[in-house]
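Read through the structure below, which is laid out as structure tokens, and then see the notes.
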Amino acid sequence: MSKMIANSLLRKGLRRVWITTLLTTIALSSFLSKASAQLNTNSLMIVARNSLYYEEYVMSIQYLNMIISAKPYLYEPWLYRGMAKFYLDDFSGCESDCSQAISRNPYAATPHELRGLARINQKNYKEAAEDYETAVNLEPQNKSLWHNLVYCEIENDKLAKADSLCDKMIKKWSRFADGYCLKANIMMQQGDTLGAETFIDKALDVDKYNINAITIKGGILMFKQNYPDAEKMYDEALRLDPKNTGSLINRALCKYHEDNYRGAMKDYDMALEIEPHNFIGHYNRGLLLANVGEDNKAIEDFNFIINIDPEDMMAVFNRGELYMNTGEYQEAIKDYTTVINEYPNFLYGYQRRAEAKRKTGDKRGADKDDEYVFKESMAHKYGYAKKKTRTKNSTRKKSERKIDDYDKLLEDDNNETQYDNTYKGKIQNRNVEAKLIKTIPEQTRKYNDLISTDINEIFEQAYDKAQNGNIKDAIDDLNKIISLNDSFGEAYYNRGLLKLFSNDVTEAITDLSKSGELGIYSAYNIIKKNQNKKNK
């Protein structure tokens with residue numbers, strides 16, 4: 001959904017400025033020439049917009065930076081730079097730029113729409129809804145704005161308000177299939193599966209090729225355990241969009257329930273080939289591999305899952321079981337211990353650890369675990385057990401508090417990527433290493449007269465302090481540098497990494513966004529990898 005609306009928003013913004021001869025071949029250095037008395041901001045805006053249209057997001061930011069520096073009172077450069085950042089997954093930076101655009105022109109709907117999208121991607125649905133409410137008032141005939149407003153109110157658990165808005169939307173646009181999809185979503189959350197199916201059928205009557213309606217219908221059929229018909233719905237969804245990883249994963253689950261393991265495995269492999277970092281895809285494939293006895297391959301999938309989310313105790317326990325099957329008993333003991341430390345009342349974990357210890361010859365340790373299980377079982381049976389509590393679990397997601405809940409198979413969304421193509425230019429390497437910059441590059445010195453020997457010394461001192469583990473003092477040094485020169489991208493970059501290492505993800509992304517804006521383009525790779533940590 002976000003991708004679809006953002007693309008239409010981008011097309012709308014560029015349609016009126018199309019030129020037959022692209023100016024992207026103009027060298028950036030020509031605009032930086034000190035001999036030039038004044039920037040031609042109109043020409044720069046054309047180049048920036050065309051760079052954005054052709055997905056040269058970094059190049060677009062470079063041109064927009066110059067326009068903003070020359071004419072900061074214009075709202076459009078802020079808006080278009082926000083678009084470029086959005087497509088780089090820099091949602092925090094996009095939100096900030098949209099706020100600047102709105103402060104300069106509060107009567108344009110597009111900055112509110114884009115900021116709403118950025119906030120949705122940061123799971124800030126409350127403020128996103130406020131943006132869309134404003135945008136709807138500014139452009140009441142834009143059904144996409146209504147759609148996203150209803151979506152945000154659903155995510156805010158304001159189902160009554162969402163339902164009322166949805167009814168108004170359906171009344172205004174009776175042939176808008178996605179409106180019926182939203183209505184079905186509301187009804188499913190209210191537990192009315194039959195009513196939801198009725199509205200999905202209406203959506204399909206309006207548009208039988210609507211992928212949202214097709215995939216929701218598939219989900220309803222899966223809920224009813226009608227896996228053959230659900231599989232057919234996902235077949236149709238994949239015919240329309242062969243790279244839809246959510247449909248592939250859900251079709252695989254249908255095939256799994258129909259005992260078509262080979263077909264399910266093929267779908268999981270295809271999904272992960274399209275989206276290698278898909279969490280649910282790795283989880284499901286790992287479970288299926290374990291089910292068919294491919295334990296070593298299953299361990300690889302669970303290693304990926306645990307690397308992404310070390311607190312997923314179900315994944316840790318499953319990996320422990322796989323290590324038991326492969327005879328790696330010490331590794332199994334480590335995983336069982338991790339789970340037990342998190343869930344001290346999980347008696348089956350003690351039983352499995354006892355068995356693993358016995359396999360290694362640790363009879364005393366095994367007997368100790370078995371004795372603990374026996375005593376606790378008796379205590380529970382006769383009703384005098386003291387309930388153990390762990391404050392750590394109180395802050396964790398509700399879905400992960402029960403270790404016995406293994407139902408992590410269904411893909412809830414379409415997992416659409418934000419980009420159709422890979423990154424361009426200097427940021428094409430998505431696996432860039434998050435490494436502190438040690439010295440100020442000569443190129444930075446060449447184009448920045450404010451960088452002095454003193455600043456360079458402070459910068460290198462900050463690096464040394466960080467290497468010695470003195471993060472606080474290193475950040476203090478970088479704060480000094482930024483107060484002296486707020487255009488020093490390397491200082492923002494290093495400060496962002498240090499904040500990231502300190503688990504201050506929100507502030508880290510803000511700094512990294514600023515460094516990317518100032519030319520440290522590898523920052524966008526790190527932002528992309530850490531957005532989910534910010535959203536937790």
Side-chain angles (χ1 to χ4, degrees), residues 249 252 256 261 264-265 268-269 271-272 276-377 388 390 392-393 395-397 399-409 431 433-434 501 503 529-530 532-533 536:
I249 289 171
Y256 170 82
Y261 295 161
M265 190 69 71
Y268 286 136
D269 288 343
L272 290 170
H277 301 292
N278 186 291
F279 186 90
I280 298 295
H282 280 283
Y283 208 111
N284 287 12
R285 190 175 69 177
L287 290 174
L288 181 56
L289 286 165
N291 198 48
V292 298
E294 294 281 355
D295 296 327
N296 288 313
K297 290 182 179 179
I299 287 171
E300 291 178 11
D301 275 328
F302 280 107
N303 283 342
F304 173 89
I305 294 159
I306 294 164
N307 183 55
I308 297 295
D309 186 2
E311 292 189 351
D312 191 321
M313 292 299 113
M314 289 181 285
V316 175
F317 183 79
N318 283 345
R319 189 176 66 178
E321 295 286 84
L322 291 164
Y323 279 137
M324 282 289 287
N325 292 343
T326 58
E328 299 175 73
Y329 304 121
Q330 291 294 352
E331 295 300 319
I333 290 169
K334 290 177 185 177
D335 280 345
Y336 293 142
T337 301
T338 299
V339 175
I340 289 167
N341 289 340
E342 185 72 10
Y343 296 95
N345 294 325
F346 182 45
L347 298 185
Y348 186 62
Y350 290 93
Q351 290 177 320
R352 296 299 289 159
R353 189 173 68 176
E355 186 174 343
K357 287 180 177 179
R358 195 165 283 110
K359 293 284 188 181
T360 65
D362 182 9
K363 186 176 182 303
R364 177 179 293 182
D367 289 345
K368 185 177 180 181
D369 279 343
D370 283 337
E371 182 181 356
Y372 178 82
V373 172
F374 177 77
K375 287 182 178 179
E376 289 296 304
S377 298
K388 296 183 180 181
R390 286 177 63 86
K392 182 177 180 181
N393 287 344
T395 63
R396 294 192 50 206
K397 292 184 290 186
S399 62
E400 293 194 6
R401 289 182 191 161
K402 291 179 65 179
I403 188 63
D404 296 310
D405 181 9
Y406 290 97
D407 187 17
K408 269 205 168 187
L409 292 170
N431 297 315
E433 185 180 2
F501 298 154
N503 293 320
K529 290 180 179 180
N530 289 277
N532 290 337
K533 294 179 182 177
K536 283 185 178 180

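Since this is a predicted model, take the numbers as computed values, not measurements.
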TODO: Starting at OG1 of T326, measure out to CZ of R319 and round the result to the nearest 0.5 Å.
DONE: 11.0 Å
Open item on the list: If I compare all heavy atoms of A356 with all of Y336, which pair ends up nearest, and what's the gap?
Closed with: CB-CE1, 4.3 Å
Task: Worked check of side-chain contact (heavy atoms from CB on, under 4.5 Å) between Y268 and I249 - done: CA-CA 6 Å; Y268 286 136; I249 289 171; 4.1 Å; yes
Task: H282 side chain to N303 backbone, donor-acceptor under 3.5 Å - done: no
Task: Residue pair G286 / A298: nearest heavy atoms and the distance that separates them - done: O-CB, 3.4 Å
Task: Straight-line distance of I305 CD1 to I308 CD1, nearest 0.5 Å - done: 9.5 Å
Task: Pair F304 + F279: ring centers closer than 6.0 Å - done: no
TODO: Kindly determine whether R352 and E355 satisfy salt bridge (charged side-chain N to carboxylate O under 4.0 Å, His left out), including the steps that lead there.
DONE: CA-CA 5 Å; R352 296 299 289 159; E355 186 174 343; 2.7 Å; yes
Open item on the list: Between N318 and Y283, is the side-chain contact (heavy atoms from CB on, under 4.5 Å) condition met? List the steps.
Closed with: CA-CA 10 Å; N318 283 345; Y283 208 111; 3.9 Å; yes
Open item on the list: Show, in sequence, the C-alpha distance, side-chain angles and deciding distance for E328 and I299, and conclude whether the side-chain contact (heavy atoms from CB on, under 4.5 Å) test is met.
Closed with: CA-CA 11 Å; E328 299 175 73; I299 287 171; 4.2 Å; yes
Open item on the list: Nearest 0.5 angstrom please: D312 CG to F302 CZ, how far?
Closed with: 8.5 Å
TODO: Considering non-hydrogen atoms only, spot the tightest contact between D269 and R285 and give its length.
DONE: OD1-NH1, 2.9 Å
Open item on the list: Does any part of the side chain of K334, heavy atoms only, come nearer than 4.5 Å to the side chain of T337, both counted from C-beta?
Closed with: no
TODO: Taking all non-hydrogen atoms of both residues into account, name the closest pair between A332 and M324 and its distance.
DONE: CB-CG, 3.7 Å
TODO: Test side-chain contact (heavy atoms from CB on, under 4.5 Å) on Q351 and D369 and set out the steps.
DONE: CA-CA 7 Å; Q351 290 177 320; D369 279 343; over 6 Å; no
- [ ] Could you grab the distance from atom CZ of R353 to atom CG of D362, nearest 0.5 Å is fine?
- [x] 9.5 Å
TODO: Classify the ring geometry between Y348 and F317 as parallel (under 30°), tilted (30 to 60°) or perpendicular (over 60°).
DONE: tilted
Open item on the list: Just verifying a value: how many Å separate L347 CG and I340 CD1, rounded to the nearest 0.5 Å?
Closed with: 9.5 Å
TODO: State, to 0.1 Å, how close D370 and A354 come at their nearest heavy-atom pair, and which atoms those are.
DONE: OD1-CB, 3.3 Å
- [ ] Check whether the side chains of Y350 and E371 place a donor and an acceptor atom closer than 3.5 Å, and report yes or no.
- [x] no
Task: Atom pair CG (D301) and CG (N284), whose distance is rounded to the nearest 0.5 Å - done: 9.5 Å
- [ ] Compare every heavy atom of R358 with every heavy atom of A366, then report the nearest pair and how far apart it is.
- [x] CB-NH2, 3.5 Å
